[in-house]
Novice: 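Dropping the structure in here first, questions after.
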Amino acid sequence: MKEIKISACIITYNQQDYIRECLEGAINQVVLCDYEIVIGDDCSTDQTNAICLEYVQKFPEKIKLLSREKNLGMAKNWVNTISECQGKYIAICEGDDYWTDPNKLQKQIDFLEAHPECSFSFHKAVRFDARNAAHNKIYPKDISKTVLNPKDFYAVPTIPTASVVYRNPVQIPNLIHSHLDTLLYASLLSKGDAGFINEQMSFYRLHDEGISNEYSQNWYMERRIKELKIEKNLPEFASNVRSEIQKVYIDHVLLYLNKNRGKLTLSQKKHYLKILVVSKHFYAKSLKEYLILFKTILK
């Protein structure tokens, strides 16, 4: 049996308008090794599965399609799809995103082969807003290093999921979670550094059905704060990773408080104030932020 060097892990659900472009980006990769594409379709009710089957018929030696008999949810579908990947390296792409550089995977394989201290690599992407082209942008910006330790990595606001290639295997904590990617990054950073390739090689698509539309909603922010509270204490993560997650946790609390200025109940104010008072990270922030916070809580 031949050894698979890299696996493309693609998860999808009801993405008939986007999945073809995603699969074309994966099929068009030029790699100097054996390569597989593993698709996890989470029981789509539109034509997504039919489109995936069309590609399986065209490229049966390259594509493995996992058609779920019932909907598992994004996190479980992703974990189960990853578990079917045989590659030394795994590249991630969700069905509404796509790769634009046909040499992307080979560049990331070469990078990781040259940097054994790195457990994964990532690169820039175009954030494409289908609703307003004026909002399109390339991200992340202002990264000056090639190799990032946990402190460097968590200083980056966000990275494109479709830009990640990592060393397989990695053990991801078994949690009910809205953002499996954050658990993946923390697990990887507990094993090594992150590598950054300063090239734009993928598209991240914003659209009405995308999960990113939920990010500014209160219920979403409250859920993320609860998840981060768990993450910052997980023994599976290295201590320096947990320390950085603690900072992210406090930053989320501050963001939530500022967004809801004048709207919180007394009980909520006391709850979030207690979180901040016991945090070393909070006291490392500027006096100006400290005063703004207390004005927020006391309103």
Side-chain angles (χ1 to χ4, degrees), residues 13 73-76 78 94 96-97 125 127 129-132 135 137 139-141 150-151 153-162 164 172-187 189 204-234 237 241-286 288-299:
Y13 173 69
M74 179 184 287
K76 192 169 183 181
W78 196 16
E94 295 175 37
D96 52 353
D97 301 331
R127 191 185 76 165
D129 192 333
R131 301 158 300 188
N132 188 342
H135 293 163
K137 67 176 184 179
Y139 80 109
K141 292 183 176 181
K151 185 175 182 179
F153 180 82
Y154 281 104
V156 180
T158 184
I159 70 168
T161 308
V164 172
I172 305 171
N174 183 22
L175 297 174
I176 297 172
H177 204 276
S178 65
H179 276 272
L180 200 67
D181 54 347
T182 64
L183 295 180
L184 173 64
Y185 304 152
S187 299
L189 287 163
Y204 170 66
R205 198 189 306 266
L206 289 173
H207 55 88
D208 290 337
E209 296 82 24
I211 191 172
S212 56
N213 288 306
E214 301 174 350
Y215 291 173
S216 62
Q217 302 295 317
N218 270 350
W219 66 265
Y220 171 84
M221 296 175 72
E222 290 163 2
R223 183 176 67 182
R224 279 300 293 139
I225 288 170
K226 289 177 181 178
E227 290 175 344
L228 286 162
K229 183 179 180 181
I230 295 170
E231 289 175 44
K232 69 185 180 67
N233 294 311
L234 282 175
F237 299 155
V241 173
R242 294 198 303 269
S243 177
E244 297 306 316
I245 295 173
Q246 166 74 11
K247 296 176 184 178
V248 176
Y249 173 57
I250 295 303
D251 287 342
H252 273 66
V253 171
L254 287 168
L255 181 64
Y256 178 79
L257 287 171
N258 282 316
K259 179 179 182 293
N260 291 283
R261 190 173 300 185
K263 301 176 184 177
L264 300 177
T265 66
L266 180 60
S267 175
Q268 287 174 313
K269 291 176 182 179
K270 288 180 177 178
H271 170 70
Y272 289 111
L273 178 59
K274 183 179 179 181
I275 290 173
L276 297 171
V277 165
V278 299
S279 167
K280 293 178 182 178
H281 172 59
F282 177 67
Y283 292 104
K285 301 182 82 65
S286 70
K288 182 179 178 181
E289 285 193 59
Y290 192 92
L291 292 173
I292 289 172
L293 169 73
F294 275 93
K295 286 180 182 178
T296 299
I297 291 178
L298 295 172
K299 278 188 176 181

Novice: Measure the spacing between CD1 of I250 and NZ of K232 and express it to the nearest 0.5 Å.
Specialist: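 It comes to 7.5 Å.
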Novice: Work out which heavy atom in H177 is nearest to a heavy atom in A75; give both atom names and the distance.
Specialist: O-CB, 3.9 Å
Novice: Can you tell me how far CD1 of I172 sits from CH2 of W78, rounded to the nearest 0.5 angstrom?
Specialist: 6.5 Å
Novice: With side chain to side chain contact (heavy atoms under 4.5 Å, CB included) as the criterion, how do L206 and R127 come out once you've worked through the C-alpha distance, each side chain's angles and the decisive distance to 0.1 Å?
Specialist: CA-CA 7 Å; L206 289 173; R127 191 185 76 165; 3.6 Å; yes
Novice: Measure from the side-chain N and O atoms of Q268 to the backbone N and O of T265, and report whether any donor-acceptor pair falls under 3.5 Å.
Specialist: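 Indeed, once roles are kept as given, a pair shorter than 3.5 Å links the two residues.
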Novice: Please confirm whether the backbone N or O of V248 pairs with a side-chain atom of H252, one donor and one acceptor, at under 3.5 Å?
Specialist: yes
Novice: Measure the CG-NE2 distance between L184 and H179 for me, rounded to the nearest 0.5 Å.
Specialist: 13.5 Å
Novice: K259 and N218: side-chain donor and acceptor closer than 3.5 Å?
Specialist: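 Yes, because at least one side-chain N or O of K259 sits under 3.5 Å from a partner of the opposite role on N218.
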Novice: Are there more than 12 heavy atoms of other residues, nucleotides or ligands under 6.0 Å from atom CG of N174?
Specialist: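 No - once you tally the heavy atoms of other residues, nucleotides and ligands closer than 6.0 Å, there are 12 at most.
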Novice: For T161, does its backbone N or O pair with a side-chain atom of E94 as donor and acceptor, under 3.5 Å?
Specialist: no
Novice: Tell me whether the rings of Y256 and Y272 are parallel (<30°), tilted (30 to 60°) or perpendicular (>60°).
Specialist: tilted
Novice: Report yes if the side chains of F237 and P173 come closer than 4.5 Å at any heavy-atom pair, otherwise no.
Specialist: yes
Novice: Enter the distance from H271:NE2 to L264:CG here, rounded to the nearest 0.5 Å.
Specialist: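 Answer for the NE2-CG pair, H271 versus L264, is 10.5 Å.
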Novice: Is there side-chain contact between P150 and S243, with heavy atoms separated by less than 4.5 Å?
Specialist: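 With C-beta onward as the side chain, the pair stays apart.
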Novice: Please name the pair of heavy atoms, one in R205 and one in D96, separated by the smallest distance, quoted to 0.1 Å.
Specialist: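 Heavy atoms only, the tightest pair is NE-O, 2.9 Å.
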Novice: What's the verdict on side chain to side chain contact (heavy atoms under 4.5 Å, CB included) for Y185 and V241, showing C-alpha distance, side-chain angles and the deciding distance?
Specialist: CA-CA 10 Å; Y185 304 152; V241 173; over 6 Å; no
Novice: Is the shortest side-chain heavy-atom distance between Y13 and M74 below 4.5 Å?
Specialist: no
Novice: Can you find a pair of side-chain heavy atoms, one from M221 and one from L255, that are under 4.5 Å apart?
Specialist: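 Answer yes - side chains close enough.
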Novice: How long is the straight-line distance from OH of Y139 back to CD1 of I159, given to the nearest 0.5 Å?
Specialist: 8.5 Å
Novice: Rounded to the nearest 0.5 Å, how far does NZ of K226 lie from OH of Y249?
Specialist: 11.0 Å
Novice: Work out which heavy atom in L234 is nearest to a heavy atom in R242; give both atom names and the distance.
Specialist: O-CD, 3.2 Å
Novice: Go through the steps to decide whether R224 and E231 satisfy the test salt bridge (charged side-chain N to carboxylate O under 4.0 Å, His left out), and finish with yes or no.
Specialist: CA-CA 10 Å; R224 279 300 293 139; E231 289 175 44; 3.2 Å; yes
Novice: Kindly indicate whether the side chain of L189, heavy atoms from C-beta on, has any atom under 4.5 Å from the side chain of Y154.
Specialist: yes
